[in-house]
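First the structure, in the form of structure tokens, and then the observations on it.
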Amino acid sequence: GTPSRYWLESELASFGVTEQPSAENADAVFDAIGQRLAEPQFRPRALLQRYGIDVLATTDDPCSDLSAHAALAAVAGLAARVIPTFRPDRYLDPAAPGWLEGIGALTDASGHDATSYPGYLDALRARRRYFIEHGATATDHGVADAGSEPLEPADAHRLHGAALAGTITADEAVAYRRNMLFEMARMSTEDGLVMQLHPGILRNHDRATFERFGADTGHDLPLATGFTEPLRPLLEQFGNDPRFRIVLFTVDETAFSRDIAPLAGYYPAVFIGAPWWFLDAPDAIGRFRSAAVETAGFSKMAGFVDDTRAFCSIPARHDMSRRSDAAFLARLVVEHRMSQHDAVATIENLVVHQPRRVFTRTVA
């Protein structure tokens with residue numbers, strides 16, 4: 001009954017495995033997959049073409065030289081564009097592990113002295129330009145909350161210095177991080193990178209597991225998350241600016257109808273990200289559509305964005321999403337809330353056109 005089951009069955013079928021895995025056949029299934037992976041048609045670039053992927057975006061450290069992206073861009077006949085996404089989280093939060101070391105790396109990568117606050121902002125701008133030169137169209141921000149209150153310049157200078165000195169308090173670090181989310185929005189109006197925001201995850205919930213296995217090992221859990229009040233400073237400044245676009249994701253499905261859909265319904269810059277992580281399952285997608293569409297409509301949807309680390313699950317996840325959306329639209333048709341003609345146009349728009357529109361840079 002879990003989406004992992006659906007995805008795994010679909011992936012296995014793509015490798016010619018149609019029997020249900022069990023203790024008895026596990027070795028045979030493993031060997032069969034290994035044999036397929038050795039065949040030319042199962043190499044990553046061949047699968048990229050077979051899956052029909054037009055664009056594959058990675059999330060990348062701002063100081064990355066993006067050499068792998070440059071190498072792929074030089075490959076003749078590659079079936080898809082593989083582009084970077086600017087993911088600056090650890091450089092924006094003084095409480096994040098490695099922030100101080102990151103300031104040094106940012107200085108080296110950008111050529112701007114990030115130990116001063118103006119130099120730090122210039123360094124981030126320079127790295128954003130570097131990503132754009134390598135095909136980036138978006139930024140990606142995973143934050144504890146969506147707070148976006150800007151600081152007075154003098155306060156930002158002071159807190160930057162305190163962070164470098166190691167004397168910044170926990171509350172000041174939060175204020176600095178929220179100020180930097182605001183500054184990222186400002187930079188998006190300058191360079192056109194689409195801003196993606198997904199707050200509300202408590203990282204490393206189980207300390208014992210974290211100490212034994214490290215981060216990103218299955219113990220990050222969702223928090224109740226608000227958007228309306230926390231994003232008010234950012235949206236009052238940039239929400240009506242045609243150069244700005246922000247896509248909101250959440251793992252708190254109560255936020256869809258309460259916060260995200262009304263914000264998207266009002267602000268031209270706000271779009272609604274697909275159900276993400278704990279919510280990218282058929283029933284949750286149905287609840288998402290019911291909660292969001294009646295307020296914001298289909299035109300404010302960003303399309304399905306898949307955040308998998310497993311390359312071969314990409315077509316399985318998109319197939320599940322498209323079937324779920326088709327089922328939702330079919331219900332609207334049967335209930336005489338939408339014509340069949342409009343439903344067909346809507347599903348095509350959600351899959352083909354809307355993602356391209358939303359994730360195109362707003363500034364040439």
- Message: Donor-acceptor check, side chain of R322 to backbone of V351, threshold 3.5 angstrom: yes or no?
- Response: no
- Spell out, as yes or no, whether a donor-acceptor pair under 3.5 Å connects the side chain of Q354 to the backbone of A302. no
- Taking 4.0 angstrom as the limit, do R125 and D191 come out as a salt bridge? no
- Message: Contact between R245 and V358 at the side-chain level, heavy atoms closer than 4.5 Å - yes or no?
- Response: yes
- Distance-minimising heavy-atom pair for G303 and P355: CA-CG, 4.0 Å
- With a cut-off of 6.0 Å (strictly less than), are more than 12 heavy atoms of other residues, nucleotides or ligands near CD of E236? yes
- L181 vs L197 side-chain heavy atoms within contact, under 4.5 Å: yes
- Message: For the backbone of S64 and the side chain of R127, can you confirm whether one donor and one acceptor N or O come within less than 3.5 Å of each other?
- Response: yes
- Message: Just by distance, no angles: are the side chains of D113 and S116 close enough, under 3.5 Å, to form a donor-acceptor pair?
- Response: no
- Task: Tell me, with the steps shown, if L106 and L124 meet side chain to side chain contact (heavy atoms under 4.5 Å, CB included).
- Result: CA-CA 8 Å; L106 195 59; L124 289 167; 3.9 Å; yes
- Please lay out, stage by stage, how T169 and D171 fare under the test side chain to side chain donor-acceptor pair (under 3.5 Å). CA-CA 5 Å; T169 68; D171 288 343; 5.6 Å; no
- Is the closest side-chain heavy-atom distance between M187 and L193 below 4.5 Å? no
- Message: Parallel, tilted or perpendicular: which one describes the rings of F238 and F244, with boundaries at 30° and 60°?
- Response: tilted
- Message: Just verifying a value: how many Å separate F359 CZ and Q196 CD, rounded to the nearest 0.5 Å?
- Response: 4.5 Å
- Message: Using side chain to side chain contact (heavy atoms under 4.5 Å, CB included), reason through Y120 and M180 one step at a time and then give a plain yes or no.
- Response: CA-CA 11 Å; Y120 167 68; M180 287 311 302; 3.6 Å; yes
- Task: Taking all non-hydrogen atoms of both residues into account, name the closest pair between M184 and P88 and its distance.
- Result: SD-CG, 4.1 Å
- Query: Heavy atoms, side chains only, cut-off 4.5 Å: are R81 and D54 in contact?
  - Reply: no
- Message: Can a side-chain donor-acceptor contact be found between D61 and Y91 if the only test is distance below 3.5 angstrom?
- Response: yes
- Should the pair H318 and F304 be assigned to parallel (<30°), tilted (30 to 60°) or perpendicular (>60°) ring geometry? perpendicular
- Message: Is it the case that atom CZ in R43 sees more than 12 heavy atoms from other parts of the structure closer than 6.0 Å?
- Response: no
- For N179 and L151, indicate whether the former's side chain and the latter's backbone hold a donor-acceptor pair under 3.5 Å. yes
- Query: How far does CD1 of I83 sit from CZ of F131, to the nearest 0.5 angstrom?
  - Reply: 11.5 Å
- Query: Step by step, would you call V293 with F328 a side chain to side chain contact (heavy atoms under 4.5 Å, CB included)?
  - Reply: CA-CA 11 Å; V293 167; F328 179 76; 4.3 Å; yes
- Just wondering, do D259 and E229 contact through their side chains at under 4.5 Å, heavy atoms? no
- Test log, rule side chain to side chain contact (heavy atoms under 4.5 Å, CB included), inputs T139 and R128: CA-CA 9 Å; T139 67; R128 290 169 65 107; 3.6 Å; yes
Just list the side-chain donor-acceptor pairs under 3.5 Å for residues 265-289, sequence neighbours left out, or say none.
residue	atom	partner	partner atom	Å
W276	NE1	D307	OD2	2.8
D280	OD2	R317	NH1	3.3
R287	NE	E253	OE1	3.4
R287	NE	E253	OE2	2.7
R287	NH2	E253	OE1	3.1
R289	NE	D325	OD1	2.8
R289	NH2	D325	OD1	3.3
R289	NH2	D325	OD2	3.0

- Query: Between the side chain of S10 and the main-chain N/O of Y6, is any donor-acceptor distance below 3.5 Å?
  - Reply: no
- Backbone N/O of T59 and side chain of T85: donor-acceptor pair under 3.5 Å: no
- Task: To the nearest 0.5 angstrom, please state how far the OH atom of Y176 sits from the CD atom of E183.
- Result: 9.5 Å
- Shared hydrophobic cluster for L92 and L231 (ILVMFWY, side-chain gaps under 4.5 Å): yes
- Query: With a 4.0 Å cut-off, would you call E133 and R129 a salt bridge?
  - Reply: no
- Of all the heavy-atom pairs spanning G226 and A146, show the shortest one and how long it is. O-CB, 3.8 Å
- Apart from I314 itself, what residues make up its hydrophobic cluster when side-chain heavy atoms of I, L, V, M, F, W and Y under 4.5 Å apart count as a link, directly or indirectly? L8, L12, F15, V17, V29, I33, L37, F42, L47, L48, Y51, I53, L56, L72, V75, L78, V82, F311
- Query: Under 3.5 Å, is there a donor-acceptor pair linking the side chains of D306 and T308?
  - Reply: no
- Min side-chain heavy-atom separation P150-P233 under 4.5 Å: yes
- Does atom NE2 of H157 have more than 12 heavy-atom neighbours from other groups under 6.0 Å away? yes
- More than 12 heavy atoms of other groups within 6.0 Å of D27 CG: no
- Heavy atoms, side chains only, cut-off 4.5 Å: are E335 and R337 in contact? yes
- Message: Please find the pair of heavy atoms, one from T225 and one from R258, that lie closest to each other, and give the distance.
- Response: O-NH2, 3.0 Å
- Parallel, tilted or perpendicular, as decided by the 30° and 60° cut-offs, for the rings of H160 and W99: perpendicular
- For N204, does its backbone N or O pair with a side-chain atom of D220 as donor and acceptor, under 3.5 Å? yes
- Item | CZ (R50) with more than 12 external heavy atoms under 6.0 Å | yes
- Message: With salt bridge (charged side-chain N to carboxylate O under 4.0 Å, His left out) as the criterion, how do E190 and R186 come out once you've worked through the C-alpha distance, each side chain's angles and the decisive distance to 0.1 Å?
- Response: CA-CA 7 Å; E190 299 166 356; R186 188 198 306 276; 5.4 Å; no
- Task: Please check if L248 and F86 belong to a single hydrophobic cluster, counting links between Ile, Leu, Val, Met, Phe, Trp and Tyr side chain heavy atoms closer than 4.5 Å.
- Result: yes
- Rounded distance (nearest 0.5 Å) linking atom OG1 of T217 with atom NE2 of H219: 3.0 Å
- Query: Within the side chain of R232, is there an N or O that forms a donor-acceptor pair under 3.5 Å with the backbone of T228?
  - Reply: no
- Note on the structure: Apart from V174 itself, its cluster of hydrophobic side chains linked below 4.5 Å comprises none
- Interatomic distance, T58 atom OG1 to H69 atom NE2 [nearest 0.5 angstrom]: 3.0 Å
- Quick check: does any side chain N or O of Y130 sit under 3.5 Å from a backbone N or O of D65, one acting as donor and the other as acceptor? yes
- Taking all atoms of both residues into account, what is the closest heavy-atom pair of R87 and P62, and its distance? O-CD, 3.2 Å
- Judged by atom type as modelled, is there a donor-acceptor pair below 3.5 Å linking the side chain of S14 to the main-chain atoms of E11? yes
- Between A296 and A261, the two heavy atoms sitting closest are CB-O, 3.6 Å
- Item | Min side-chain heavy-atom separation T250-F227 under 4.5 Å | yes
- Single hit among D342, N349, L329, I347 for side chain to side chain contact (heavy atoms under 4.5 Å, CB included) with F298: L329
- Item | Cationic N near anionic O, under 4.0 Å, R178 to D145 | yes
